[in-house]
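Structure first, then comments.
Any value given below was found using the heavy atoms of this structure, including those in side chains, with hydrogens, waters and symmetry copies removed.
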Amino acid sequence: MSTPITVVLVHGAFAESASWSGVIPRLTDAGIPVIATPNPLRSVATDAENVRRTVAGVEGPVLLVGHSYGGAVITEAAVENPDVVGLVYVAAFAPDHGENALELTAKFPGSTLGETVRAYPLGDGTNDLYVDRALFPNQFAADVAPDEAAVQARTQRPIRDAALGEPQPAATPAWKTLPSWFVFGDADKNIPVEGLRFMAQRAGGLTVTEVPGASHSVMVSQPDAVVAVITEALAHLAR
């Protein structure tokens, strides 16, 4: 029997690995091996190296799944990595060479994230960024149950501001060489939906799934929709 494809989940900014807690049991119940790797949120290059180490510890092929800033990370981590066979972008950035998350967020109007972010100096000229905990539920997770969104607000991991402004390193991003799938909500307040559509179309996503009314936390509020895209990707790759 050939080695099954392992799904490696990579969270984004202002989130953490437990944001996949609705996705993981649905995959494991279907017999799909899955890992949610911590994402330090320090820089695209070093965060991608962290994902590469995780992939190196997996036996067999890997499908990388990234949320938000995690999309930039998987785009870099998969470059010239023979173990990675596909990419799934969940309300995520799919940058081209030289692009960064801030630039792509501002490419189309509609994001209100900047109004909710708070900065804490790190002492080296950069800052850690958090989403104001009182504003987080409406900004990040408007379709998530209030109690659960409040927990997300309190468990969010900060991202170093330099990571959001860091140009995508690889000359040829992985979505140009690997099959990709996209899923996002049409009520995302962090990344404008037009920006998400633009990146999905540019990458030639094999499928692009828009979830009506879903927020940036689509994997929390609509795990079935996200799992459906992941399983669709796995079925395609297994052919």
**OP:** Would you mind checking if D128 and R160 are paired as a salt bridge, meaning a charged N to carboxylate O distance below 4.0 Å?
**Re:** no

**OP:** For residues D132 and V117, determine if any side-chain heavy atom of one lies less than 4.5 Å from a side-chain heavy atom of the other.
**Re:** no

Subject >> Between T75 and Q168, a side-chain donor and acceptor under 3.5 Å >> reply: no

Original post:
Please walk me through it: do D83 and V58 pass side-chain contact (heavy atoms from CB on, under 4.5 Å)?
Top reply: CA-CA 9 Å; D83 294 322; V58 173; over 6 Å; no

Original post:
Residues in ring pair (Phe, Tyr, Trp, His ring centres under 6.0 Å) with W181, at least two apart?
Top reply: H236

Original post:
Is there side-chain contact between V226 and P223, with at least one heavy-atom pair below 4.5 Å?
Top reply: no

Original post:
How would you list, by chain and number, every residue that makes a side-chain hydrogen bond (donor to acceptor under 3.5 Å, both in side chains) with E232, sequence neighbours excluded?
Top reply: T207

Original post:
Taking the six-membered ring of F140, is NZ or CZ of K189 closer than 6.0 Å to its centre and within 45° of its axis?
Top reply: no

Subject >> By side-chain hydrogen bond (donor to acceptor under 3.5 Å, both in side chains) - contacts of R202 (at least two apart) >> reply: E99

Subject >> Sequence-distant partners of D124, side-chain hydrogen bond (donor to acceptor under 3.5 Å, both in side chains), two or more places apart >> reply: T126

**OP:** Could you list the residues that satisfy side-chain hydrogen bond (donor to acceptor under 3.5 Å, both in side chains) with Q156, not counting sequence neighbours?
**Re:** none

Subject >> Note, V34 side chain near T6 side chain (heavy atom, < 4.5 Å) >> reply: no

Subject >> Side-chain H-bond candidate by donor/acceptor type, Q139 with N190, under 3.5 Å >> reply: yes

Original post:
Does the ring of Y120 carry R118 above it, NZ/CZ under 6.0 angstrom from centre and within 45° of its axis?
Top reply: no

Original post:
Ion pair present between E194 and K107, side-chain N to carboxylate O less than 4.0 angstrom?
Top reply: no

**OP:** Could you tell me the separation between the CG atom of N127 and the CG atom of L164, rounded to the nearest 0.5 Å?
**Re:** 11.0 Å

Original post:
How many angstroms lie between OG1 in T231 and CZ in R26, if you round to the nearest 0.5 Å?
Top reply: 12.0 Å

Original post:
Between V84 and L178, is any pair of side-chain heavy atoms under 4.5 Å apart?
Top reply: yes

Original post:
Any ring pair (Phe, Tyr, Trp, His ring centres under 6.0 Å) pairs touching residues 63-101, not counting sequence neighbours?
Top reply: H67-H216, Y89-F182

